[in-house]
Amino acid sequence: MSTVIEPRRPGAAHAAGELWRSRRLVGWFGKRLLEKRYQRTWLGWVWLPLRPTLDVAARAFVFGSILSAPSEGVPYLLFFLIGMSAWNLFEESVFWSSRSLELNRRTLRRVYVPRLTMLVGSLAIGAVEYLIYMIMAALAVTYYLLADGTTYLELGANTLAAVAGLALIVLLAQSFGLWLSVLGAQARDVRFFLRYITGFWFFLTPVIYPLGAVPENLRWLAAINPVTAPVEMVKYGVLGTGGVPMAPLAVTLGFIVVVATGGIAFFRRSEAAAVDAM
Amino acid sequence: MTNAATGAALVVQGIGKRYRLGRGGGLVPVPLFGNRLDRIDRDRRRDADDDDELDEDDELDEPDERQTTGPIRELWALRDVNLVVQPGEAVGVVGPTGSGKSTLMKILGRITPPTEGRVEVQGRVAPMLGSLSGFVVAEATVRANVGILARFLGVPHAVVARNLENILRFAELQDVAHMKVKHLSRGMSDRLAYAVGLHFEPDVLLADDRVVAGDPPFQERCLARIEELLAQRTALVFASNRLSKVTELCTHGLWLEDGQVRAHGRVDEVVRAYRESPSSLTSERGRPPLEPEPPSVTIIATRLLNQAGDLVAEAPAGETVTVEIDVGVHKEGVILTGSLTFTRGAEHPRFIDPSPHVVDVPGRRLLQARVTLDGVVPGDYAGSAAVIVTHPDGRPSDFLWTKPFALRVEAAQEDDSQRANRPTVSWTVMTPADDPIAPTPAA
């Protein structure tokens with residue numbers, strides 16, 4: 001085995017092989033990110049379920065109870081929980097990807113680790129919160145079963161669409177992450193902006209309302225949003241509402257291909273300079 | 001064949017590193033705290049902070065000092081550094097602060113890529129000794145930490161398990177192996193990190209001033225272990241200004257100054273020259289370089305010839321071409337080894353003369369590599385030839401690189417079904433009859 005150190009980092013295939021061989025580090029970086037997030041808090045790990053719960057409680061109350069948003073025959077809380085679980089996976093994964101290199105700069109200064117392990121590791125927060133949403137959804141389902149005698153769930157072949165939707169969300173978030181991790185290591189502006197962008201993006205994505213409720217003249221806006229299709233697929237896969245929207249799905253796939261291809265080149269070219277400048 | 005054939009563990013070929021100072025500046029300065037520390041200063045401060053590696057909780061919101069204004073300046077922290085380290089050899093890198101020692105170590109440790117040049121390592125480079133201290137997990141047991149630290153070395157589970165007891169014994173932590181690190185002293189956790197760093201047989205070991213840690217007996221054990229690794233053919237690059245330790249551990253010395261090699265040779269000579277120079281006391285710039293020893297071998301030309309002996313740049317597949325390195329040898333006893341690399345895509349096989357040539361009478365030599373292109377994939381190849389000069393007096397080997405050349409292999413007419421990827425090479429060394437007198441090296 002020999003190692004060659006050159007100005008350019010080796011290509012994508014090599015990076016993928018290296019990532020696979022270092023897969024144990026992915027878990028390490030993910031775990032460390034989770035630990036760091038709740039360090040120096042009074043409530044510690046309690047924040048992990050608490051944040052999504054508070055989020056859901058406030059938003060479901062405002063949009064469901066006050067504004068009475070439509071929810072395709074499913075209780076609004078459950079409808080919102082499922083959509084939000086998918087959206088939150090996207091939002092948190094994108095946000096933490098932008099901090100993946102920056103938060104690990106001490107490691108980067110000390111030892112060589114494949115950079116992608118940090119990017120993939122940053123999925124940990126989104127993934128763990130996704131599990132929290134699943135638990136909340138299970139509790140909500142139990143409640144409705146007891147209260148209404150029905151679960152409102154429709155699991156079956158359609159559930160594959162939900163799995164595919166989640167996979168698309170992860171791929172999409174990581175594609176953006178290839179750009180954002182490097183940019184986020186260069187300037188804090190990235191993460192300041194990012195919270196506003198995703199905050200607005202949330203309202204454009206059919207999470208608090210079904211895709212069917214979007215007025216005809218604004219459908220195009222939902223269609224060009226790459227998160228529309230995966231979120232709809234997750235809702236369809238769990239609740240059986242809506243369906244798999246084909247045009248937005250094509251947009252999602254297009255986004256992934258373009259953003260990831262550019263991102264791989266960008267990451268490879270700029271990652272070292274960004275780390276040097278940290 | 002790879003550079004395993006020369007035995008070189010590490011070949012550093014013309015590396016340089018340029019830093020751009022002033023990058024990361026904002027469009028709008030932050031008026032209150034816009035300080036102008038440049039990154040070199042920050043690096044130094046960072047190194048000073050290394051002591052609180054265990055305490056990493058400030059990482060989420062540690063304030064960044066970032067240069068917010070100022071023009072972009074360029075600084076070559078390292079330029080044109082060549083170095084060959086054989087297995088079992090130890091090179092001590094000395095030089096005043098800011099001479100490029102740490103930059104060189106960062107490049108070798110893959111912390112930062114070089115701006116130019118190339119490094120080839122045969123095997124695995126261990127992270128800088130001491131750098132693992134920052135990754136000891138206080139909440140995990142000593143035993144679990146061995147596995148955690150080994151992840152950063154890329155060592156598989158099975159190998160970790162095999163070495164576990166040795167490591168614990170080396171660190172004298174067998175009795176507390178089940179305890180969480182947070183209940184141990186700082187010294188014990190350092191011992192653990194060093195013990196892990198010194199096991200798992202790296203092919204190249206990097207160390208700086210933090211080459212040892214802990215109490216004197218443990219420091220002694222670290223040094224003994226390094227000696228043991230050297231005996232097992234690990235190569236060591238040791239960047240430090242602890243000159244006595246450098247002399248003790250190393251066989252060769254490399255003196256860097258202002259990012260350039262000022263001297264390279266036997267460690268006692270380099271260290272003595274460095275110690276006598278004013279730069280070992282101050283870091284004054286602009287000293288004249290040491291009187292260089294006249295080169296014992298110079299490259300006169302490199303030629304690419306076809307079977308008829310004509311100069312060529314392309315050849316049909318199936319042909320044979322000869323790469324001829326024309327050298328003048330000015331000193332008897334040196335040993336010449338030809339080396340040839342063809343690069344195409346990610347492949348860069350190196351072909352090394354398996355029977356080096358001992359120069360009994362100084363003079364001109366033609367090192368000829370007959371390259372058979374039978375079954376070689378047509379396309380553009382980048383060739384680079386070198387002569388490795390081994391000195392009888394124990395000075396480190398020199399790599400003399402020739403100018404790279406291009407070779408286009410054209411498609412052969414016949415059926416291409418059976419294709420090897422690589423050319424085959426056979427080496428011969430000739431002493432041209434017409435010019436027995438060594439040309440004098442250029443003044």
Side-chain angles (χ1 to χ4, degrees), chain A residues 1-14 17-18 20-29 31-33 35-41 96 99 102-115 117 185-189 191 268-278, chain B residues 2-4 12 15-17 19-20 23-24 26-27 39 43 46 49-50 53 56-57 59-60 62 64 66 106-128 130-135 137 139 147-148 150-154 156-157 203-204 346 348:
Chain A
M1 182 189 89
S2 79
T3 313
V4 174
I5 305 170
E6 280 177 317
R8 275 179 82 97
R9 296 280 189 199
H14 184 272
E18 217 180 24
W20 175 248
R21 284 190 298 278
S22 316
R23 58 194 179 277
R24 285 192 295 160
L25 282 174
V26 172
W28 153 268
F29 284 119
K31 186 161 164 273
R32 220 163 66 130
L33 184 59
E35 283 167 0
K36 276 190 187 309
R37 194 176 185 197
Y38 299 108
Q39 255 172 7
R40 283 192 296 183
T41 56
W96 291 100
R99 304 203 60 187
E102 179 244 325
L103 283 176
N104 288 304
R105 60 186 180 277
R106 286 197 180 205
T107 305
L108 290 172
R109 262 185 243 138
R110 280 181 179 80
V111 294
Y112 173 76
V113 287
R115 313 298 203 227
T117 55
Q186 284 171 340
R188 293 183 165 193
D189 311 44
R191 61 177 197 254
R268 185 179 168 211
R269 196 168 58 82
S270 314
E271 156 265 303
V275 170
D276 274 352
M278 273 197 302
Chain B
T2 64
N3 63 351
V12 175
I15 59 168
K17 176 75 188 182
Y19 282 112
R20 288 214 168 84
R23 274 197 56 179
L27 301 172
R39 56 165 294 110
D43 267 354
R46 243 177 232 163
D49 295 338
D50 274 357
E53 276 168 338
E56 287 195 289
D57 53 0
E59 224 170 291
L60 266 182
E62 165 190 296
D64 245 341
R66 196 161 271 181
K106 278 189 195 165
I107 291 171
L108 297 182
R110 292 202 283 168
I111 310 285
T112 186
T115 310
E116 58 183 29
R118 176 185 159 94
V119 179
E120 209 173 307
V121 184
Q122 196 55 47
R124 194 167 60 78
V125 190
M128 181 94 84
S131 63
L132 287 179
S133 307
F135 303 108
V137 177
E139 288 296 330
I148 290 169
R151 286 181 196 181
F152 290 97
L153 307 180
H157 259 313
D203 297 285
V204 177
H348 33 72

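As a basis for the values below, the full set of heavy atoms in this structure was taken, side chains included, without hydrogen atoms, waters or symmetry mates. It should be emphasised that the depicted structure is a prediction, and the values quoted were computed from it without experimental measurement. Below, chain A is the first sequence line, B the second, and so on; all start at residue 1.
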Can you name the nearest heavy-atom pair linking [X] to [Y], along with the distance?
X	Y	result
B/Ile111	A/Arg115	O-NH2, 3.4 Å
B/Ile107	A/Ile5	O-CD1, 3.5 Å
A/Trp28	B/Phe135	CH2-O, 3.9 Å
B/Pro113	A/Pro7	CB-O, 3.7 Å

Check: A/Thr3 side chain, B/Arg124 main-chain N or O, donor-acceptor pair, under 3.5 Å: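 Pair absent, no side-chain N/O of A/Thr3 close to backbone of B/Arg124.
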From CZ (A/Arg109) to OG (B/Ser131), nearest 0.5 Å: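 These two atoms lie 13.0 Å from each other.
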Which portion of A/Val111 sits near chain B, non-hydrogen atoms under 4.5 angstrom: both
Minimum side-chain heavy-atom gap A/Tyr112-B/Val125 below 4.5 Å: no
Results of side chain to side chain contact (heavy atoms under 4.5 Å, CB included) for A/Arg24 - residues two or more places apart only: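 Residues passing side chain to side chain contact (heavy atoms under 4.5 Å, CB included) with A/Arg24: B/Arg151, B/His157.
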Partner residues of B/Thr112 under the side-chain hydrogen bond (donor to acceptor under 3.5 Å, both in side chains) criterion, sequence neighbours left out: A/Asp276, B/Lys17
NZ/NE/NH1/NH2 to OD/OE distance under 4.0 Å, A/Glu18 and B/Arg110: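 A salt bridge links A/Glu18 with B/Arg110.
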